[in-house]
Undergrad: 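Can you keep this structure in mind? I'll have questions shortly.
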Amino acid sequence: MERVVHHLLSIAEVDARFFLRIHKRALELETLPSAQKAEILHGAYVAQIFSEASTRTRVSFEYAALSLGAKVINLDAHSSSLSKKESLYDTLLTLFSIGLNCFVVRSSDSQLEEVAKTELGSKIHLINAGNGICGHPTQALLDASVLMQHCGSLEGKCISILGDVERSRVARSNVELLSKLGMTIKVFGPSELLPKKPWSDAMILCSSIEEALEGVDAIMLLRVQTERAGHVNFSPAQGYTESFGLSQKRYESLNTKAWIMHPGPVNRGIEIDSELVEHEKSLIPKQVARGTSIRAAILEAVLAGEPHV
Ligand code: CP
């Protein structure tokens, strides 16, 4: 009997078994005939509330829900009553009163976890689509899924995460998940953008880019999140790619087979040379593609067994 998943709030609630279940189901869903897929959540509604900008996560969740036969309602935070200071709790209560019970939420803080603890939280399903710098669990699940497909078992493998690590919800969720799956995670970036201490025993804070790239199976680049200047003031200057990112010259000089990853959005020519984005060793388009099937598997796991009509 599969464990019932009520919410997906963070990687803290994900173990290797759940990851493998979602990974396997995502691969199955990728080959399932459309008509069969459209029966899975036929009659269900999924509401999306995005208070921070998104392209990949919002569209892939919507695509996933529609392909499973669900209907999707999008609430744009800037044109909804959230912009009139209505709380996330009251927004969700309002939408629940309308008849909705499954919510994909991107926010700048941790209000979602608070809502999940309430009585309302026990009646609705909440999926974290990225919250501030805290976490982005579905991104980590899709990254691990793509890595597993290309590296085989992740036990004993090593990934380098470069760039704006401290302010990255993707890095936080990936370090947590990839540690659970047996990987070592080396991180490197400008000192202002690195955590003071490792977030897990499997995380190594490197002191040079050479150390960070030595013998790794994959390299993940992160964008410098200048929009989060409140946490620290840093703008990438000339030479950033060579010092803290991945240039084509450095990648070729490594003589490596390491896969190239990036959660997006990519700032070409800053954290990664433009030529590497669509390089034969780049998994970046595959990460985006896997996003739809992983998110479909998550929606199914959350809503499975509920009457939708
Ligand atoms: N990786 C990611 O979360 O991209 P978006 O912000 O475009 O959704």
Undergrad: Quick one: does Arg172's side chain have a donor or acceptor within less than 3.5 Å of a partner on Ile133's backbone?
TA: yes
Undergrad: How about Ser108 and Glu52: does a side-chain donor come under 3.5 Å of a side-chain acceptor?
TA: no
Undergrad: Could you check whether atom CD of Glu192 has more than 12 heavy atoms from other residues, nucleotides or ligands sitting under 6.0 Å from it?
TA: yes
Undergrad: If hydrophobic residues (ILVMFWY) are linked whenever their side-chain heavy atoms come closer than 4.5 Å, directly or via other members, who joins Ile204 in its cluster?
TA: none
Undergrad: Applying ring pair (Phe, Tyr, Trp, His ring centres under 6.0 Å), can you list everything that pairs with Phe188, at least two apart in sequence or on another chain?
TA: Phe244
Undergrad: Answer yes or no: is there an ion pair linking Glu166 with Arg228, defined by an N-O contact shorter than 4.0 Å?
TA: no
Undergrad: Does one side chain, of Arg106 or His136, offer a donor that lies under 3.5 Å from an acceptor on the other?
TA: yes
Undergrad: Show your working on side-chain contact (heavy atoms from CB on, under 4.5 Å) between Val170 and Asp143 and close with a plain yes or no.
TA: CA-CA 9 Å; Val170 174; Asp143 288 340; 4.1 Å; yes
Undergrad: Does Glu176 have any salt bridge (charged side-chain N to carboxylate O under 4.0 Å, His left out) partners at least two apart in sequence or in another chain, and if so, which?
TA: none
Undergrad: Can you classify the ring geometry of His6 versus His125 as parallel (below 30°), tilted (30 to 60°) or perpendicular (above 60°)?
TA: tilted
Undergrad: Check the surroundings of atom CD in Glu252: do more than 12 heavy atoms from other residues, nucleotides or ligands lie under 6.0 Å from it?
TA: yes
Undergrad: Kindly indicate, with the supporting measurements, whether the criterion side-chain contact (heavy atoms from CB on, under 4.5 Å) is fulfilled by Ile40 and Leu32.
TA: CA-CA 11 Å; Ile40 294 173; Leu32 211 62; 4.0 Å; yes
Undergrad: Taking atom NZ of Lys286 as the centre, report whether more than 12 heavy atoms of other residues, nucleotides or ligands fall under 6.0 Å from it.
TA: no
